Engineer: 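Mind having a look at this structure? Questions to follow.
Quantities reported herein were computed from a predicted structural model and do not represent experimental measurements. Below, each value reflects all heavy atoms present in this structure, side chains not excepted, and no hydrogens, waters or symmetry copies. In this chain, residues are counted from 1 in sequence order.
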Amino acid sequence: MLLSLVLHTYSMRYLLPSVLLLGSAPTYLLAWTLWRVLSALMPARLYQRVDDRLYCVYQNMVLFFFENYTGVQILLYGDLPKNKENVIYLANHQSTVDWIVADMLAARQDALGHVRYVLKDKLKWLPLYGFYFAQHGGIYVKRSAKFNDKEMRSKLQSYVNAGTPMYLVIFPEGTRYNATYTKLLSASQAFAAQRGLAVLKHVLTPRIKATHVAFDSMKSHLDAIYDVTVVYEGNEKGSGKYSNPPSMTEFLCKQCPKLHIHFDRIDRNEVPEEQEHMKKWLHERFEIKDRLLIEFYDSPDPERRNKFPGKSVHSRLSVKKTLPSVLILGGLTAVMLMTESGRKLYMGTWLYGTLLGCLWFVIKA
């Protein structure tokens, strides 16, 4: 009985983060809406600067739970620039936590407010979040033949023209890699083999469209490409095989003791501009990722297993940087919920904010 209670309590460790992260969403949206109205007649760059600061506050709360609360040990391989840059961030995709990893690196460059995502189209229907991500510079795209390159190009060009700082996160695989989804992996490998490309084992064959449109639209604005490879340690089953990387819930339940991040900065001028050449270049980058992951998981030398080549740095994010955001947003939400009028406003924001956000997407379509 006692053991069951302990195990149940352990499994519920995600409740506090979930309540605060989701519960403060209406508070955040109300703050953003107020600023959007107040800044209507102000210069667009002033609006963007404050919006980035607001976004930084919320994302620091996210990082408090995903870093400080979980106590995950982050091992960083490679030289992450200390200064802010306009970049395209390319990474392998295996977990919903991958989005948070991009935040982790951006926070270490004081560029957290500049993070913007290329997202799959169906995520725009998320209550509150789907609408706000679009306002913050996120770009929703459809896959394969439904991909609208003109729409994406137009949005990115508008950001470039406005001088918007960009830390644009793209996962070129298009969907999450999962070793248990054998049909998906086989189809990806067959696709590569048919086109004379190297067959990959621990990543999927990357798609070029979003990456090429992003680079072509932003090349005058870009400083570099960040090529990032991530491993969530703690997946071993004891037989040399690896289970799936943790979900957000599992990560918050502290089921990932170590996070390995291999970072490679590629100067903008080193990236080929023509689409077919870029396609080959991108696949070669994923070949490098695959070799890194093969060595991490399967190296015959035990000394080289469970780590990337080169020296790693244990990177810590100070709780002083993240805790204030928890106190601010949590405190404002608590104050709102203490009064009847505040509770009505809170629930109304969830309901009408979600409906208006969905209506906005319908009208835009």
Side-chain angles (χ1 to χ4, degrees), residues 11 14 66 70 72-77 89-102 104 118-120 122-123 143-144 169-195 197-208 210-211 227-264 282-309 312:
S11 68
Y14 67 90
F66 279 86
T70 62
V72 62
Q73 183 180 359
I74 296 176
L75 298 172
L76 184 60
Y77 304 75
Y89 172 109
L90 304 176
N92 59 318
H93 194 20
Q94 53 193 319
S95 167
T96 48
V97 185
D98 293 338
W99 305 98
I100 313 299
V101 174
M104 291 174 178
V118 173
L119 301 148
K120 55 186 176 182
K122 67 180 182 180
L123 292 177
R143 295 174 180 169
S144 303
V169 178
I170 302 177
F171 298 107
E173 289 162 282
T175 190
R176 293 194 298 272
Y177 170 91
N178 189 319
T180 63
Y181 294 170
T182 54
K183 288 185 178 180
L184 177 64
L185 181 57
S186 296
S188 175
Q189 292 174 337
F191 179 87
Q194 289 170 4
R195 285 156 179 77
L197 301 170
V199 174
L200 308 174
K201 180 179 180 182
H202 290 294
V203 291
L204 301 176
T205 303
R207 302 165 185 254
I208 188 60
T211 304
D227 186 2
V228 178
T229 308
V230 179
V231 168
Y232 300 88
E233 189 176 328
N235 301 330
E236 296 86 351
K237 288 183 176 178
S239 62
K241 297 181 180 179
Y242 293 81
S243 63
N244 298 327
S247 64
M248 285 189 176
T249 298
E250 291 167 337
F251 196 95
L252 289 170
C253 286
K254 306 185 180 183
Q255 294 184 24
C256 177
K258 291 183 181 180
L259 185 60
H260 298 259
I261 305 174
H262 186 277
F263 175 86
D264 193 6
L282 182 61
H283 196 85
E284 289 172 351
R285 295 308 309 179
F286 269 73
E287 286 181 60
I288 294 172
K289 289 181 184 297
D290 202 43
R291 289 197 294 269
L292 287 170
L293 293 169
I294 288 172
E295 184 166 348
F296 187 98
Y297 293 130
D298 306 320
S299 176
D301 183 357
E303 295 296 321
R304 300 174 67 179
R305 217 174 295 152
N306 295 325
K307 61 183 179 181
F308 287 127
S312 66

Engineer: According to salt bridge (charged side-chain N to carboxylate O under 4.0 Å, His left out), who are the partners of E295, at least two apart in sequence or on a separate chain?
Structural biologist: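 R304.
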
Engineer: Please lay out, stage by stage, how L259 and M104 fare under the test side chain to side chain contact (heavy atoms under 4.5 Å, CB included).
Structural biologist: CA-CA 11 Å; L259 185 60; M104 291 174 178; 3.7 Å; yes

Engineer: Could you work out, with side-chain contact (heavy atoms from CB on, under 4.5 Å) as the rule, every residue matching L119, not counting sequence neighbours?
Structural biologist: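 side-chain contact (heavy atoms from CB on, under 4.5 Å) list for L119, sorted by chain: W99, Y117, L123, F133, Y140.
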
Engineer: Is the backbone of V230 close enough, under 3.5 Å, to the side chain of Q94 for a donor and an acceptor to pair up by distance?
Structural biologist: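 Looks like yes, one N/O pair under 3.5 Å.
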
Engineer: Under the ring pair (Phe, Tyr, Trp, His ring centres under 6.0 Å) test, which residues partner Y89, sequence neighbours left out?
Structural biologist: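 Testing Y89 for ring pair (Phe, Tyr, Trp, His ring centres under 6.0 Å), a comparison that skips the adjacent residues, returns none.
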
Engineer: Is a side-chain donor or acceptor of T96 paired with a backbone partner of M248 at a separation under 3.5 angstrom?
Structural biologist: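 Yes: the side chain of T96 pairs with the backbone of M248.
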
Engineer: Under 6.0 Å from the CZ atom of F263, do we count more than 12 heavy atoms belonging to anything else shown?
Structural biologist: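 Correct, the count exceeds 12.
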
Engineer: In chain order, what residues pass the salt bridge (charged side-chain N to carboxylate O under 4.0 Å, His left out) check against K120, with sequence neighbours excluded?
Structural biologist: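 If we apply the salt bridge (charged side-chain N to carboxylate O under 4.0 Å, His left out) test to K120, skipping adjacent residues, there are no hits.
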
Engineer: Identify the heavy atoms of Y232 and D98 that sit nearest to each other, and give their distance.
Structural biologist: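 Closest approach of Y232 to D98, heavy atoms only: OH-OD1, 2.5 Å.
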
Engineer: Suppose we screen for side-chain contact (heavy atoms from CB on, under 4.5 Å). Which residues come up paired with L197, at least two apart in sequence or across chains?
Structural biologist: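 Only A192, R195, H283 meet the side-chain contact (heavy atoms from CB on, under 4.5 Å) criterion with L197.
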
Engineer: How close do E173 and A91 get, heavy atom to heavy atom, and via which atoms?
Structural biologist: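 Taking every non-hydrogen atom into account, OE1-O, 4.1 Å.
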
Engineer: With the side chain counted from C-beta on, respond yes when L200 and K289 share a heavy-atom pair under 4.5 Å apart, and no when they do not.
Structural biologist: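 SC-SC contact between L200 and K289 ruled out.
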
Engineer: Can you list the steps and then say if L184 with N178 is a side chain to side chain contact (heavy atoms under 4.5 Å, CB included)?
Structural biologist: CA-CA 8 Å; L184 177 64; N178 189 319; 5.8 Å; no

Engineer: List the residues meeting side-chain contact (heavy atoms from CB on, under 4.5 Å) with T70, not counting sequence neighbours, and say none if there are none.
Structural biologist: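 Testing T70 for side-chain contact (heavy atoms from CB on, under 4.5 Å), a comparison that skips the adjacent residues, returns V72, F251, L252, K254.
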
Engineer: Test of understanding: with side-chain hydrogen bond (donor to acceptor under 3.5 Å, both in side chains), list the residues that count as partners of S188, not counting sequence neighbours.
Structural biologist: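 Here the qualifying residues are T205.
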
Engineer: With sequence neighbours left out, write down each residue that passes side-chain hydrogen bond (donor to acceptor under 3.5 Å, both in side chains) with T211, or none if nothing qualifies.
Structural biologist: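 Counting only residues at least two positions away or on another chain, T211 forms no side-chain hydrogen bond (donor to acceptor under 3.5 Å, both in side chains).
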
Engineer: May I have the step-by-step check of side chain to side chain contact (heavy atoms under 4.5 Å, CB included) for V231 and Y297, ending in yes or no?
Structural biologist: CA-CA 10 Å; V231 168; Y297 293 130; 3.8 Å; yes

Engineer: Listed by chain and number, what are the side-chain contact (heavy atoms from CB on, under 4.5 Å) partners of E250, not counting sequence neighbours?
Structural biologist: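 For E250 the side-chain contact (heavy atoms from CB on, under 4.5 Å) partners, ignoring immediate neighbours, are P246, S247, Q255.
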
Engineer: How many angstroms lie between atom CZ of F286 and atom CG of L90, to the nearest 0.5 angstrom?
Structural biologist: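 F286 CZ to L90 CG: 7.0 Å, rounded to 0.5 Å.
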
Engineer: Only counting residues at least two apart or in another chain, list the ones meeting side-chain hydrogen bond (donor to acceptor under 3.5 Å, both in side chains) with H260.
Structural biologist: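 Partners of H260 under the side-chain hydrogen bond (donor to acceptor under 3.5 Å, both in side chains) test: Y77, E233.
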
Engineer: Sequence neighbours excluded, which residues qualify as salt bridge (charged side-chain N to carboxylate O under 4.0 Å, His left out) partners of D264?
Structural biologist: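 Partners of D264 under the salt bridge (charged side-chain N to carboxylate O under 4.0 Å, His left out) test: R285.
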
Engineer: Contact between L185 and L204 at the side-chain level, heavy atoms closer than 4.5 Å - yes or no?
Structural biologist: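 Touching, per the 4.5 Å side-chain cut-off.
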
Engineer: Do NZ/NE/NH1/NH2 and the carboxylate oxygens of K201 and D298 come within less than 4.0 Å?
Structural biologist: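 Looking at K201 and D298, the cut-off is met.
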
Engineer: Using side-chain hydrogen bond (donor to acceptor under 3.5 Å, both in side chains) as the criterion, list what pairs up with K258, not counting sequence neighbours.
Structural biologist: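 Per chain and number, K258 pairs via side-chain hydrogen bond (donor to acceptor under 3.5 Å, both in side chains) with no residue.
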
Engineer: Run the side chain to side chain contact (heavy atoms under 4.5 Å, CB included) test on F171 and R176 for me, step by step, so that the C-alpha distance in whole Å, both residues' side-chain angles and the decisive distance to 0.1 Å come before the verdict.
Structural biologist: CA-CA 9 Å; F171 298 107; R176 293 194 298 272; over 6 Å; no

